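Since the structure comes first, as structure tokens, the remarks are kept for the end.
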Amino acid sequence: MKIVRYSKNGASSYGILKEEKIMTVSGNIYSDFRETGESILLKYVKLQPPVDPANIVAIGLNYKSHAIETKMDFPHAPVIFIKTTNTVTGPDDEIILPKMAPDEVDYEAELAIVIGKMAKNVTEEEAFEYVLGYTCAQDVSARDCQIRTDVQWARGKSFDTFCPIGPCIETEMDPDNARISLKLNGEVMQNSSTSDLIFSCRGLVSYLSRCMTLLPGTLILTGTPSGVGFTRKPPVFLRSGDRTEVEIENIGMLKNRVVSE
Ligand code: MG
């Protein structure tokens, strides 16, 4: 099932995407909801970020290929950092190069886990009972702040619009074996599979639930595969006018364009 959130005439609603149609629903996507029997064509609405996250927890260096390209050792435990919730932006929305740090903004395709039920101290075996589904995300990163000027990553990862998500929450996929790719202006820059993850989705939910209570709507960004811009020779950074497309098997494609603040 593909859960979407959309706006029409100023109102925001959830629905179930079925090809070119959105079936409208009543109820709460985190507890009980049902289709109303009515539908609306996708082309008549604007899709919104499919979740207003309670928190955004992100994992660094979680693909073997990305750890290798950054010349870092494989981590012994998940590398956890936080993106603030002002970063969230939706399908077809803009990624804004911030005035404060416009020069080294990088793309990162990521599979994001959407927590469905409050999770505290859950085992790996139980973990998927607490997951609502999965969506495409980008962990947009200002590399100059992240790598050179700041010790912590919070600022470089948390400028407005630095977390595009969407287009839907897919509730029925296998998150451990999905193709993930990113195109920049139509050219493939990242092309991998979640089977290359060092810490699996099941393991991350369990581990994080032992660190912090995971509230419904928490987003967990699971890391990015190889091919990011700053490791290329010469480096590639986002410029005004660029178009990014993150595609994850079974979920769909998240498209955004880049503008200057
Ligand atoms: Mg990342």
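All values derive from a computational prediction rather than experimental measurement. Atoms within a ligand are numbered from 1 in the order they appear, just like the ligands themselves.
- Around the Mg ion (ligand 1), the protein contributes the following N, O or S atoms at distances under 2.8 Å: Glu108 OE1, Glu110 OE2, Asp139 OD2.
- Both Ile3 and Val114 are members of a single hydrophobic cluster when ILVMFWY side chains are connected at heavy-atom separations under 4.5 Å.
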Enumerate donor-acceptor pairs with a distance under 3.5 Å from any side-chain N or O in residues 10-21 to protein atoms, sequence neighbours excluded.
unit_1 : atom_1 : unit_2 : atom_2 : d
Ser12  : OG     : Gln48  : OE1    : 2.6
Tyr14  : OH     : Pro50  : O      : 3.0
Lys18  : NZ     : Glu35  : OE2    : 2.9

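- For Arg179 and Asn250, the side-chain atoms include no donor-acceptor pair closer than 3.5 Å.
- For the pair Thr224 (side chain) and Glu110 (backbone), a donor-acceptor distance under 3.5 Å is absent.
- Side-chain contact check for Ser226 and Glu69: no donor-acceptor pair (N or O, by modelled atom type) lies under 3.5 Å.
- A continuous path of hydrophobic side-chain contacts links Ile147 to Val228 [ILVMFWY only; heavy atoms under 4.5 Å].
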